[in-house]
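What follows is one structure encoded as structure tokens, with my remarks underneath.
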2 protein chains.
Amino acid sequence: MSAIDRIDLERLVVRPGTDPNLADRDPGWAQDLGIGKKEGREELEAAVDRIAGLQERLFAEGRRAVLLVLQAMDTGGKDSTIRAVTRGLNPQGCRVVGFKAPSRAELARDFLWRVHAEVPPKGTVGIFNRSHYEDVLIVKVHGWAPPDVIERRYDHINAFERLLHDGGTRVVKVMLHISKDYQLQQLRERVETPEKRWKFNPDDLAERELWDRYHEAYETALARCSTAASPWYVVPAETKWFRNLAVARILLDTLREMDPQYPEPSWDPGDFTASRLR
Amino acid sequence: MSAIDRIDLERLVVRPGTDPNLADRDPGWAQDLGIGKKEGREELEAAVDRIAGLQERLFAEGRRAVLLVLQAMDTGGKDSTIRAVTRGLNPQGCRVVGFKAPSRAELARDFLWRVHAEVPPKGTVGIFNRSHYEDVLIVKVHGWAPPDVIERRYDHINAFERLLHDGGTRVVKVMLHISKDYQLQQLRERVETPEKRWKFNPDDLAERELWDRYHEAYETALARCSTAASPWYVVPAETKWFRNLAVARILLDTLREMDPQYPEPSWDPGDFTASRLR
């Protein structure tokens with residue numbers, strides 16, 4: 001059993017109907033897998049190769065899809081996790097969609113409209129960098145929608161994800177979990193490193209003030225929207241190599257369980273022997 | 001000077017206003033770079049790393065984009081070239097779009113409508129697996145549009161690509177060049193290899209019959225639509241490692257010439273010293 005397969009996903013998943021208890025989940029935790037950072041990277045590379053092989057089958061099969069939703073507080077590592085886990089996949093069958101502040105056209109529709117438009121087509125892996133969950137996170141924390149509207153959104157989200165699931169799309173959701181201290185460290189690094197400055201937005205400091213209310217909103221969202229079909233995972237994200245391995249494992253397991261198959265040809269190979277193929 | 005930089009792109013480009021002369025371009029040619037297949041792969045890996053570095057800057061800069069258009073006869077290697085050249089890029093800033101037979105909704109609009117909708121946003125690299133050129137290739141060969149409609153399309157394409165260029169999107173176009181014999185070999189392999197069977201479509205054999213007419217249509221399209229701003233390249237594609245290196249070089253050069261820069265922060269780093277960042 002390779003190290004990645006020893007990762008205890010039971011510890012990371014939010015069991016349907018339970019409280020995710022973020023305060024009890026240590027963001028600095030990394031499971032002792034008997035390997036260090038360097039072996040962790042090699043393990044990741046091997047995992048990505050396995051994911052790439054399954055991705056090829058998924059594409060060939062052309063009947064189902066995977067949607068990985070990533071959420072995190074600012075500096076939680078969404079971008080680098082995506083880079084680490086998807087570098088090595090075939091970009092032809094893997095698309096990352098980032099959701100920022102909605103446009104006027106998007107605000108003129110229901111909150112799932114722009115998200116629905118971007119779901120991965122059959123045969124592919126889609127990754128959402130932020131998602132429809134922002135509509136029960138930032139929107140809730142800032143009170144941009146009334147409480148009863150937010151309240152109904154959890155059910156809308158569950159219905160939407162069920163629709164995707166029934167259509168053959170496996171939805172898995174990951175919260176990258178960091179502490180407020182860790183965020184400070186990251187923000188300082190962004191300010192101090194010239195090539196990272198473009199990532200720093202002074203507005204993020206105002207969001208940082210709302211840390212506790214964000215965590216509350218996350219807890220409600222995860223409790224209400226982690227289902228057996230489309231579970232939420234809380235991945236401790238301060239040890240980067242472990243974070244990457246854990247997310248890769250979640251993706252790998254999803255694809256392994258789906259077990260995509262090369263399709264049977266609709267033609268008879270005997271009809272296209274060398275002599276007849278000219 | 002590394003091997004990839006020695007590739008003679010002058011030999012591959014179609015000079016604006018000239019005949020591409022496909023018959024005079026040997027699809028089996030691989031420039032003698034003083035390296036073999038194995039070193040070619042290492043060279044490719046190094047090139048992709050350089051492309052990834054420039055891609056990061058392009059993303060940070062957020063003002064310009066790259067669009068790489070790939071066209072080829074069936075089995076020309078579009079998919080594997082894309083995989084080889086883009087594996088290692090950050091999928092967050094790189095999107096592959098494949099164009100197949102247009103839908104009814106697409107046919108109800110002009111031929112550039114669906115293509116325009118998929119152009120890469122600023123900061124990213126877009127790759128088209130087939131493209132608007134199909135509307136002057138397969139459509140022309142089959143006579144699905146009258147000659148005078150086809151005739152006007154070259155101008156429409158040039159105007160469209162000029163629009164993209166003026167908006168900061170560098171468009172580069174690559175035809176992967178193979179021989180009819182090479183295609184036969186590839187088709188046989190698809191039929192004979194179980195994991196490749198899903199790629200084989202008996203209808204491709206009918207297209208194969210039209211080889212010469214396709215080549216004629218390619219020659220006209222390349223002659224009419226290779227411009228200084230948005231050039232066409234004919235890449236000999238039967239030696240796979242050379243093919244991959246050549247396409248990587250074209251992408252690399254495009255990005256190097258653009259020379260994207262990290263943006264100046266709109267805030268003053270002095271305002272966010274450690275003591276003020278809490």
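All chains are named by letter (A, B, ...) in the order of the sequence lines, taking the proteins before the strands, and each is independently numbered beginning at 1.
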Inset, instruction - List the steps and the verdict of side chain to side chain donor-acceptor pair (under 3.5 Å) for A:Gln183 and A:Asp74. - result: CA-CA 7 Å; A:Gln183 187 187 58; A:Asp74 290 326; 4.8 Å; no
Inset, instruction - Please state whether the side chain, the backbone, both or neither of A:Leu187 comes within less than 4.5 Å of a heavy atom of chain B. - result: both
Inset, instruction - Name the region of B:Arg208, side chain, backbone, both or neither, that has any atom closer than 4.5 Å to a heavy atom of chain A. - result: side chain
Legend entry - Contacting moiety of B:Asp181, where chain A heavy atoms sit under 4.5 Å: neither
Legend entry - Leading residue by heavy atom contact count with chain B [cutoff under 4.5 Å; candidates A:Val191, A:Leu205, A:Asn201, A:Ile82]: A:Val191
Inset, instruction - Measure A:Leu89 against the heavy atoms of chain B and call it side chain, backbone, both or neither at under 4.5 Å. - result: backbone
Legend entry - Distance-only side-chain donor-acceptor flag, B:Lys173 / B:Tyr133, under 3.5 Å: yes
Inset, instruction - Assess the side chains of B:Tyr214 and B:Glu207: does a donor N or O sit below 3.5 Å from an acceptor N or O? - result: yes
Legend entry - Pair A:Arg64-A:Thr169, side chain to side chain donor-acceptor pair (under 3.5 Å): steps then yes or no: CA-CA 6 Å; A:Arg64 293 176 293 170; A:Thr169 298; over 6 Å; no
Legend entry - Portion of A:Pro265 that has a non-hydrogen atom of chain B nearer than 4.5 angstrom: side chain
Inset, instruction - Would you check if the side chain of A:Arg190 reaches a backbone N or O of A:Lys196 as a donor-acceptor pair within less than 3.5 Å? - result: no
Inset, instruction - Answer with side chain, backbone, both or neither: which region of A:Arg83 has an atom nearer than 4.5 Å to a non-hydrogen atom of chain B? - result: both
Inset, instruction - Tell me, for A:Asp271 versus chain B, whether the close heavy atoms (under 4.5 Å) come from the side chain, the backbone, both or neither. - result: neither
Inset, instruction - Answer with side chain, backbone, both or neither: which region of B:Arg95 has an atom nearer than 4.5 Å to a non-hydrogen atom of chain A? - result: side chain
Legend entry - Sidechain-backbone polar pair: B:Glu238 side chain, B:Ile178 backbone, donor-acceptor under 3.5 Å: no
Legend entry - Cationic N near anionic O, under 4.0 Å, A:Glu257 to A:Arg170: yes
Inset, instruction - Output the option from B:Pro263, B:Gly98, B:Gly88, B:Ala84 having the highest count of non-hydrogen pairs under 4.5 Å with chain A. - result: B:Gly88
